2 protein chains.
Amino acid sequence: MANDTAHTATLVEVAAAARVSVSTASRAFNGRGEANRISASTISRVQQEAERLRFQPSQLARSLQSQRSGLIGVIVPDVSNPFFAAIAREVTVQAEAHGLSVLLADSRETTSVEIKLLGELQSRRVEGLVVCPVGEESQHLVHVDQVVTPIVLVDRCFTGLPLASVHSDNVHGAKQAFKQLLTHGHSVIGCLQRLSGTLPNEQRLSTVRNEMQQAGLVLDDSLIAGDNFTESSGYESAKLLLASRPDVTAFFAFSSPNAFNALRAAEEVGRSVTDDLSLVAFDDSPFAEFMQVPLSTVSQDLQRLGRTAAEVVLKQLKTGKKPRKRTHSFPVKLNPRQSIQDNQT
Amino acid sequence: MANDTAHTATLVEVAAAARVSVSTASRAFNGRGEANRISASTISRVQQEAERLRFQPSQLARSLQSQRSGLIGVIVPDVSNPFFAAIAREVTVQAEAHGLSVLLADSRETTSVEIKLLGELQSRRVEGLVVCPVGEESQHLVHVDQVVTPIVLVDRCFTGLPLASVHSDNVHGAKQAFKQLLTHGHSVIGCLQRLSGTLPNEQRLSTVRNEMQQAGLVLDDSLIAGDNFTESSGYESAKLLLASRPDVTAFFAFSSPNAFNALRAAEEVGRSVTDDLSLVAFDDSPFAEFMQVPLSTVSQDLQRLGRTAAEVVLKQLKTGKKPRKRTHSFPVKLNPRQSIQDNQT
DNA sequence: GCCAATTGCACAAACGTTTGTGCGAGCTTA
DNA sequence: TAAGCTCGCACAAACGTTTGTGCAATTGGC
């Protein structure tokens, strides 16, 4: 009932209160008393005082001394995007299960911010990193992995880089989705990209090109929307595409938000998904099946992506060596629903 | 090109390389050289060596010395829930704009986990806390605010507690939503709760009771689904409600996931939203207007909630005193769409 | 009742910073 | 040329822990 100095008690104060040295207090408090021949009475005295003073050891000091921050850094382009949120959550849960905490950072789809954040996380001495990179640049990531701390990339990976990566099988996913459109007789198909230039996007795009070619068709560039970095929304690009190519009969949206943008854009120009426009999208949503037209989607196993990413980092932390298996690619699942209909034209 | 000892360079090494003392290196590196009469040549020498060795100051050590961790703790019940993800993002962005980093934790809707996480964040000496509490218990939060660090609650607030809170106007929101149902002639209305016992939930519930009473109706307990803590999904409870009260003609879902659960449950028992079931939900979603039946919702201004929460903490950090205004309540917006139809019975 | 072994603890260094103070060398001024 | 200034830097303490080592005091054997 005496001094509530508003500052958290330190070990020094606990030691003083228990009339022992700081070292003894430390060992007693941390259960290392037995091994260090601290008498039972002393141990309990220390623990009582610690309790009474509400002593909470400073992780800052501990980390400094132990050279282990107990922190995992997570960088995503947009936490509010359900895709990244799901991954962040999974990593968080896994990390916490291993006694680690998560430092979350949001790069806002900007490489320069990503680099800045990477530096800040480094300076906080995170022990591992899970990064959904913006995907434009990679060298800063390689450097981190080599000299600083284990890192694993999720989703926006790079090819030919010595970095651990976890992602979905974009090629197969795109192939499945696109085949659905072809099967239903569509040949003028608009693609609504994610961030252009990033691997998942390019893989999906080139898969589309391949499929078109094999079907004896060509994918004109005017059918590819969102080929600039600035608009993340995709709404404008979808509208532009609808205006410049009114002959389009189907959309392949590379992301869930894009699907939504396509719907909005189509509605505004008087086109209606399903009557005269088909739609298939990457990434599922709990709402997809309850849409005006239940949305055909290709869903990724977000939980597995996140969990695997966490596991790769955690294992590397434990064993201290780079994982043998560098790339993890997970299958996607096609959810055929009613947003794809036969081409009427 | 010499020693890549795989460990990050320390100031000691930089100082040695620049042939100055650590203190001088510190001041030179931090731009405090001028003020401390360090010669220009020394300054540049230090900075060069720092650059060469890729020196990155340890925030751990800095924090220990400065007694400022530069960390804001954020605890939410479920990061993957878009509602909380949006808030987490907003806080993250605000914090980063002020040079602070965010420690994110997920309480998994469990009070005991929340308490544990709170302790861990404290031990990391976070300077402020933004918490979307599970909402069952509050005393651990009060204690934190009083003796440890500024804290602001979001969404799941408590009444009569000396804690800063940010939330939406649940009463008015519920009133608007529910009035819609009454206006359309519904009288047997099922309520799909969030976590029972939490303030937003109780406010919405009692508002519903009031409205019913004023309309000369009664809200039987059998019309209140999800009155147990274990199921967060609400799907089972919705099905039970539909089974026990087949006369129900409308649902008021207290959350976006619940709306989705209602849809799924209704479909499985052969009821169809709009034909013989109306639905209004708290929380909007970009998909709401593209649903099979465009969903009538009451939307909260998530960005504003998150931003305000961050601001309250940040201001308190800056000024050092408790904010004058303790409670921030923001208006919600009714989005009338087609999921509410006249009662046919 | 003496030596060795054991018990119970304190001392001090270290982790990587920041910051108050001290101190010598060079310059001015008289 | 002696006294005083200024300049440029080094020294050392401190932040709160952990941990290796040293040193009394007690115990035990004979």
Side-chain angles (χ1 to χ4, degrees), chain A residues 5 7-47 49-50 53-71 122-127, chain B residues 5 7-47 49-50 53-71 120 122-127 148:
Chain A
T5 39
H7 96 98
T8 320
T10 86
L11 196 53
V12 182
E13 299 169 295
V14 174
R19 318 195 130 270
V20 294
S21 74
V22 201
S23 50
T24 301
S26 169
R27 296 189 240 249
F29 180 77
N30 292 318
R32 253 180 282 287
E34 293 298 316
N36 284 78
R37 301 178 316 209
I38 310 287
S39 71
S41 73
T42 302
I43 292 183
S44 79
R45 194 155 24 96
V46 168
Q47 290 180 339
E49 291 301 323
L53 297 171
R54 295 175 181 281
F55 168 66
Q56 231 177 349
S58 159
Q59 273 302 333
L60 257 39
R62 275 193 168 166
S63 299
L64 183 60
Q65 144 73 28
S66 68
Q67 303 283 72
R68 297 206 45 214
S69 67
L71 250 29
Q122 275 178 47
S123 75
R124 292 196 184 276
R125 302 294 185 259
V126 293
E127 298 182 36
Chain B
T5 37
H7 96 97
T8 320
T10 86
L11 197 53
V12 181
E13 301 169 293
V14 173
R19 317 194 131 272
V20 295
S21 74
V22 202
S23 50
T24 301
S26 170
R27 297 190 238 248
F29 181 78
N30 292 319
R32 252 180 282 287
E34 294 299 317
N36 285 78
R37 300 179 317 207
I38 311 286
S39 72
S41 74
T42 302
I43 292 183
S44 79
R45 194 155 25 97
V46 168
Q47 290 181 340
E49 291 302 323
L53 296 171
R54 296 175 179 281
F55 168 66
Q56 233 178 350
S58 160
Q59 273 300 335
L60 258 40
R62 277 193 167 166
S63 300
L64 184 59
Q65 143 74 28
S66 68
Q67 303 284 72
R68 296 207 43 214
S69 67
L71 250 30
E120 288 182 5
Q122 275 178 49
S123 74
R124 293 194 184 278
R125 302 294 186 258
V126 294
E127 299 182 34
V148 188

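From a predicted model like this one, the values you see are computed outputs, not experimental measurements. Labels below follow one simple rule: chain letters A, B, ... track the order of the sequence lines, proteins then strands, and each chain is numbered from 1.
- In this structure, the CZ atom of A:Arg124 is 17 Å from the P atom of C:dG16, given to the nearest Å.
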Please list, for nucleotides 11-14 of chain D, all pairs of protein and nucleotide N/O atoms separated by less than 3.5 Å.
from: D:dC11; atom 1: N4; to: B:Ser23; atom 2: OG; distance (Å): 2.8
from: D:dA14; atom 1: N3; to: B:Gln65; atom 2: OE1; distance (Å): 3.4

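- Not a single side-chain hydrogen bond (donor to acceptor under 3.5 Å, both in side chains) links B:Thr10 to another residue, sequence neighbours left out.
- Under the side-chain contact (heavy atoms from CB on, under 4.5 Å) criterion, A:Ala18 pairs with A:Val20, A:Arg45, A:Val46, A:Glu49, not counting sequence neighbours.
- In this view, B:Gln122 and A:Gln56, B:Leu118, B:Val144, B:Val148 satisfy the side-chain contact (heavy atoms from CB on, under 4.5 Å) rule, not counting sequence neighbours.
- No side-chain heavy atom of A:Phe29 sits under 4.5 Å from any side-chain heavy atom of A:Val14.
- Closest-nucleotide positions on DNA chain C for A:Arg19 and A:Arg125 were compared, and the one nearer the 5' end corresponds to A:Arg19.
- Taking only side-chain nitrogens and oxygens, A:Gln67 comes nearer than 4.0 Å to OP1 or OP2 of C:dG16.
- Side-chain atoms of B:Ser69 come within 3.5 Å of backbone atoms of B:Arg125 as a donor-acceptor pair (strictly under, hydrogens ignored).
- Place B:Ser66 and B:Arg45 on DNA chain D by their nearest nucleotides, and B:Arg45 ends up nearer the 5' end.
- For DNA chain D, the residues of residues 33-43 of chain B within the heavy-atom distance limit of 4.0 Å (strictly under) are B:Asn36, B:Arg37, B:Ile38, B:Ser39, B:Thr42, sorted by number.
- The side chain of B:Arg62 contributes an N or O atom lying less than 4.0 Å from OP1 or OP2 of C:dT18.
- Applying the side-chain hydrogen bond (donor to acceptor under 3.5 Å, both in side chains) rule to B:Arg27 yields no partners; only residues at least two apart in sequence or on another chain are considered.
- As rounded to whole Å, 10 Å separates atom C1' of C:dT17 from atom CD of B:Gln59.
- Over its full length, the helix from C:dC2-D:dG29 to C:dA30-D:dT1 turns its helical axis through 60°, comparing axes from the five pairs at each end and rounding to 10°.
- For B:Ser66, the side-chain contact (heavy atoms from CB on, under 4.5 Å) criterion is met by B:Arg68, not counting sequence neighbours.
- Note: CG (B:Leu11) to P (C:dT17) measures 5 Å, nearest angstrom.
- Residue pairs meeting the salt bridge (Lys or Arg N to Asp or Glu O under 4.0 Å) criterion with at least one member in residues 54-67 of chain A, sequence neighbours excluded, do not occur.
- Scored by the side-chain contact (heavy atoms from CB on, under 4.5 Å) test, A:Ser44 finds no partners at all (sequence neighbours excluded).
- A 4.5 Å side-chain heavy-atom check between B:Glu34 and B:Ile43 finds at least one atom pair inside the cut-off.
- Between A:Leu53 atom CG and D:dG16 atom P the separation is 14 Å, expressed in whole Å.
- Across the protein-nucleic acid pair, A:Leu60 atom CG and C:dG16 atom C1' stand 12 Å apart, rounded to whole Å.
- A:Ser26 and A:Ser23 share no side-chain donor-acceptor pair at under 3.5 Å.
- Distance, B:Phe29 CZ to D:dC9 C1': 19 Å, rounded to whole Å.
- Shortest non-hydrogen contact noted between A:Leu60 and B:Arg124 is CD1-O, 3.6 Å.
- Taking side-chain N and O atoms only, B:Thr10 has no distance below 4.0 Å to OP1 or OP2 of C:dG16.
- The distance from atom CZ of A:Phe55 to atom P of D:dG16 is 10 Å, rounded to the nearest whole Å.
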